[in-house]
Amino acid sequence: MVGCRQQYRNLLDGKEDKKFEVLQIEPIYQSYIIQIQRPLVVGYIGLAVAILLGTVIYHIANVQSFSNQDYRISQSVLIVGQVSLAIILLCVIKNSIYLKFSTWISVVIWILLLAISNIYFHIPSRRQTTDDVAVTFFLIFMCHVMLPMSKMLSLCFGGMTVVLQITTSGILSPKENMVAELFSNFVILLSANMMGIGHKYLTDLHHRHTFLEARSMIQVKKKLEWENNQRDELLNCCIPGDMVEEMKGDITEKMLNHSNKNPELYVESHYQDVSILYADIVNFTPLSAKCESPNELIDLLNRLFGRFDQLAEKHQCLRIKILGDCYVCVCGVPKPNPNHALNCVSLGVDMIDAIREVRDESKTDVDMRIGVHSGKVLSGVIGLNKWQYDVWSDDVTLANNMEASGIPGKVHITKNVLVQLGDNHQFMVENGNGQERNEYLREKNVETFILSVKQPEIPKNRPKFSFRSYVKMAMFISKLQWKVEKPFAKWKAVSKAIRMSPGQLAQSSSSKITSEIDIIQMGKKFHAEVNMELENKSKLLGRKSSWEGNKDYNPWWMRFSKELELEYNKEPDLWFKVSLILLFGVFVGIQIVHGVVSVRGFEYYAMFGIGITVFTVLIVISLGENFVSCNRTKDKMPDGCNKPIYFVLCSFLSLSANVLFLQIKYIVKVLLMTVAVIVFDILFHTDSIFQTEGTLSLSVLGSVYTGVMFVALVYFCRQVEFMNRLNFLLKDQCRTEARLSENSASLNMKLLENILPSHVAEYFLTDQAKDQELYSESHENVCIMFASIPNFKEFYQESAARQCIELLNNIIAKFDQMLLLPEFSKVEKIKVIGSTYMAVTGLKPDLCSNAESSHRSNVVTMTQFALKMMSELETITTNTYQFKLRAGINTGPVTAGVIGAKRPLYDIWGDAVNVASRLDSTSEEDKIQVTEKNAEILIDAGFNCHLKGMTLLKGKGEIVTYMVTPS
């Protein structure tokens with residue numbers, strides 16, 4: 001209600017007109033209005049031709065009423081007028097001419113009719129002041145409401161017509177009662193102007209209000225479409241292949257139907273000829289622990305891995321995942337590539353060159369260790385959320401071990417890769433001796449080779465690791481000309497562009513900053529698309545005819561289908577108050593009820609009844625006063641008394657007043673006017689004051705006048721009703737499309753949350769994200785869990801790979817479903833690495849208040865989650881296999897962030913993460929390994945926890961650990 005009132009005030013104050021200029025939709029609006037008013041122009045011209053033709057026929061039948069000269073002149077004027085109007089009608093029917101010259105056509109019509117009227121009524125040697133008032137009233141009112149002229153131009157022509165009528169009447173008419181009659185004429189014609197301009201003004205406000213509402217809905221729809229395009233682009237980057245559409249369809253079905261059916265398996269068949277590359281940044285872990293800020297670490301990772309993504313794209317490789325500081329990619333997936341081995345090896349060489357550039361300039365010992373293997377893989381996505389496109393096979397495991405046994409600064413390859421390379425390479429090949437450094441390679445008897453890469457000599461005085469050297473490296477990377485994009489940079493740019501109004505875009509056009517210029521151009525393109533769709537929709541609706549019917553519209557009764565009609569009836573009449581004010585101006589002295597509301601509730605219908613009652617009373621009072629004034633000398637009328645004609649003229653006012661109420665139904669208006677015309681005709685033919693002498697008595701003339709006005713108003717009211725319904729259809733179409741886009745927006749958010757945690761997704765979807773800011777967070781009390789199914793590797797058979805992955809998918813899906821339980825609302829899944837499930841607690845800022853209680857709560861919740869995973873896993877068995885879970889849990893500070901522009905990845909880094917991973921790898925089946933500090937918390941909380949003893953963790957040495965077992 002408040003919103004409607006504000007819009008109402010804005011429209012009356014002219015503020016909405018200014019919006020049209022700012023939004024650059026004034027030309028579109030004018031084109032729409034001109035188009036929907038064309039039937040009115042056609043009808044008006046047709047009616048005018050019919051009136052002129054009827055007058056010609058009348059004069060042919062009554063030649064004796066005019067002198068020969070008067071007859072010839074009048075007939076000539078009427079015939080020329082008909083021919084001229086017929087030519088104009090042809091121009092109106094020609095759409096291109098009408099749309100281009102509609103204003104000129106309207107001006108010509110008004111001047112032509114005005115000329116015909118003045119010449120025709122000034123031919124007789126003696127005329128009365130009231131002879132042409134009815135015709136002038138009709139001309140003024142109908143030209144105002146039917147011709148597509150601007151309000152100002154229409155007002156000028158209306159005023160000019162009144163002045164012309166009063167002036168000519170004053171000069172050519174008898175002087176008896178002239179002042180009184182001229183004043184009466186002035187009031188009648190002024191009322192015609194007021195009603196005509198008032199209706200034009202109200203109609204314009206109504207159309208503009210509808211147009212702005214429609215544009216607003218189209219803008220919402222377009223905004224959602226742009227965001228959904230970003231969603232599609234992101235999804236296609238993260239999950240390549242034809243499975244994307246299938247996944248979106250399944251998610252939509254689950255969202256709409258709240259389905260909980262078994263998890264779908266999105267896995268593609270084996271790719272036979274594929275090369276897998278594992279690349280690890282050597283000596284990066286000690287440096288990451290010495291970062292000054294989370295943003296510095298994330299910036300470093302984003303630049304490094306962003307550069308690797310660029311190189312991968314150059315060599316037609318696809319990044320699969322990032323594991324801490326390890327980069328994994330493949331070539332030959334999802335599209336086969338005959339040069340997959342050469343591409344992966346070339347990528348490895350380029351990665352070494354890239355890290356060497358950093359190493360040599362920063363004087364640090366960072367390096368790359370590369371492992372490449374060729375074979376076959378199964379690819380796809382598993383689980384219900386936090387999707388990551390992954391590959392599985394024994395060959396993937398072998399590639400991982402190739403990296404682990406590699407040599408920094410060199411590419412470690414298997415014999416399969418060497419065979420694939422053939423002689424088409426320029427690398428120095430030497431024996432890799434991988435079996436000497438890796439037990440897995442030794443068990444599988446894998447022959448390995450080293451591809452030599454030319455490397456500059458290492459300075460003997462190179463400084464060792466230090467915080468200072470790391471700072472130098474970070475400063476150097478920031479100056480590298482790698483032009484690495486930041487995650488969601490385009491998403492944020494689009495989000496900012498579609499939120500900028502045209503006014504803001506105009507103010508920002510002078511910006512010289514490249515990023516801002518791009519956003520401004522994007523914003524202008526967005527609003528141009530909105531305006532283009534508004535134009536297309538308005539053009540399509542503007543071409544509709546009021547006589548075209550369909551399943552949703554009955555042209556005879558002017559009604560929509562039941563559901564649509566109910567919605568149409570709910571439309572508020574914002575202009576009802578203004579209509580009453582105009583009536584007050586027409587029927588001077590009548591008290592009008594003020595303070596009505598425009599909403600179609602009880603108040604609206606109460607006011608509707610009051611308005612109809614007042615309208616009827618005004619007719620009776622207005623007509624009664626004129627009747628009494630001329631009935632005083634009923635037996636004998638004085639010479640020159642033209643009072644009865646004003647009764648006829650007031651009937652014009654009464655009939656015309658119907659059009660002021662825009663939202664009153666057409667049928668109601670027709671019924672009301674029909675009753676009024678019948679009453680008028682009865683009075684005209686039963687009261688003696690209308691039985692005047694002459695060729696046409698006033699009773700006949702009154703019936704003719706009111707009949708013509710009735711026909712014109714019926715046609716006009718029908719077109720107005722149709723235009724109102726067109727406006728409603730425009731809004732309804734836009735509203736429906738916006739609603740459909742909102743459903744897609746929900747899917748947009750759902751998909752994004754399947755890649756990022758909800759609070760991180762919200763960061764990128766709202767204005768929290770600065771234009772050039774990376775997302776990074778530092779958390780002090782995070783609990784990290786790695787939970788593995790160690791015997792899944794034994795269960796996995798290459799011959800039944802798809803069935804094995806399907807079973808793994810079911811297991812991971814069960815773990816994911818646990819995240820929906822209220823007690824695990826704090827648990828955040830990070831990723832799945834093979835058959836290892838990684839999750840944390842303590843990342844959600846709104847759930848982390850007191851540090852100490854938060855730490856205890858995080859450890860307890862994470863341990864409960866791990867124990868629940870064990871019990872759930874027990875329910876999944878095969879004919880010959882019982883899966884077992886082991887887990888490692890650790891707490892400590894971590895850095896969380898998003899890296900990678902092409903395929904954004906959310907992850908956490910820190911020493912606490914590495915320790916949790918080592919605790920898992922050294923744990924035992926059906927047990928959770930924890931540190932001594934966390935064991936104290938768990939014992940306090942009543943968990944079954946016992947001392948394991950000293951455990952050797954890689955990179956940490958021996959530490960005291962405990963084992964937590966199910967009760």
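Quick note: numbers below take in every heavy atom, side chains included, and nothing from hydrogens, waters or symmetry partners. Treat the numbers as computed from the prediction; the structure is a model and nothing was measured.
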> Quick one: do the Y327 and D280 side chains pair a donor with an acceptor below 3.5 Å?
Replying inline: no
> What salt bridge (charged side-chain N to carboxylate O under 4.0 Å, His left out) pairs are there with at least one residue in residues 425-437, not counting sequence neighbours?
Replying inline: K410-E430
> Nearest 0.5 Å, what's the CZ-CG distance between F792 and L873?
Replying inline: 11.0 Å
>> Any donor-acceptor pair under 3.5 Å linking the side-chain atoms of S854 with those of N781?
In response: no
> ring-ring contact (aromatic ring centres under 6.0 Å, His included) with F865: which residues, sequence neighbours excluded?
Replying inline: F824
> From S374 OG over to K415 NZ, what is the distance, rounded to the nearest 0.5 angstrom?
Replying inline: 14.0 Å
>> So does I407 get a backbone contact from the side chain of R369, meaning a donor-acceptor N/O pair under 3.5 Å?
In response: no
> Given the rule in the side chain to side chain donor-acceptor pair (under 3.5 Å) test, do H340 and D273 qualify, once you have shown the distances and angles that lead to the verdict?
Replying inline: CA-CA 8 Å; H340 56 88; D273 296 312; 4.7 Å; no
>> Quick check on E313: does its CD atom have over 12 non-hydrogen neighbours (other residues, nucleotides or ligands) under 6.0 Å away?
In response: no
> Atom SG of C783 and atom NZ of K826: how far apart are they, to the nearest 0.5 Å?
Replying inline: 9.5 Å
> Under the 3.5 angstrom rule, does the side chain of N438 hit a backbone N or O of L441 as a donor-acceptor pair?
Replying inline: yes
>> Distance check, rounded to the nearest 0.5 Å: D309 atom CG versus N302 atom CG?
In response: 9.0 Å
> For T397, does its backbone N or O pair with a side-chain atom of N401 as donor and acceptor, under 3.5 Å?
Replying inline: yes
>> Can a donor-acceptor pair be found, under 3.5 Å and without considering hydrogens, that links the side chain of E268 to the backbone of L378?
In response: no
>> So does G383 get a backbone contact from the side chain of N809, meaning a donor-acceptor N/O pair under 3.5 Å?
In response: yes
>> Just to verify, what does Y837 make a ring-ring contact (aromatic ring centres under 6.0 Å, His included) with, not counting sequence neighbours?
In response: F815
>> Using modelled atom types and a 3.5 Å cut-off, is there a donor and acceptor pairing between side-chain atoms of S788 and backbone atoms of P790?
In response: no
> Listed by chain and number, what are the ring-ring contact (aromatic ring centres under 6.0 Å, His included) partners of Y906, not counting sequence neighbours?
Replying inline: none
> What pairs of residues pass the salt bridge (charged side-chain N to carboxylate O under 4.0 Å, His left out) test when at least one of them lies in residues 378-393, not counting sequence neighbours?
Replying inline: K321-D390, K386-E828
>> Consider side chain to side chain contact (heavy atoms under 4.5 Å, CB included). Of V377, V391, V396, which one does V274 pass it with?
In response: V377
>> Rounded to the nearest 0.5 Å, what separates atom CG in L301 from atom CZ in R303?
In response: 12.0 Å
> Checking D350 side chain against L311 main chain: does a donor-acceptor pair fall under 3.5 Å?
Replying inline: no
>> If the condition is side-chain hydrogen bond (donor to acceptor under 3.5 Å, both in side chains), which residues does T961 pass it with, not counting sequence neighbours?
In response: Q929, T951
> Within a radius of less than 6.0 Å around CD of E443, do more than 12 heavy atoms belonging to other residues, nucleotides or ligands occur?
Replying inline: yes
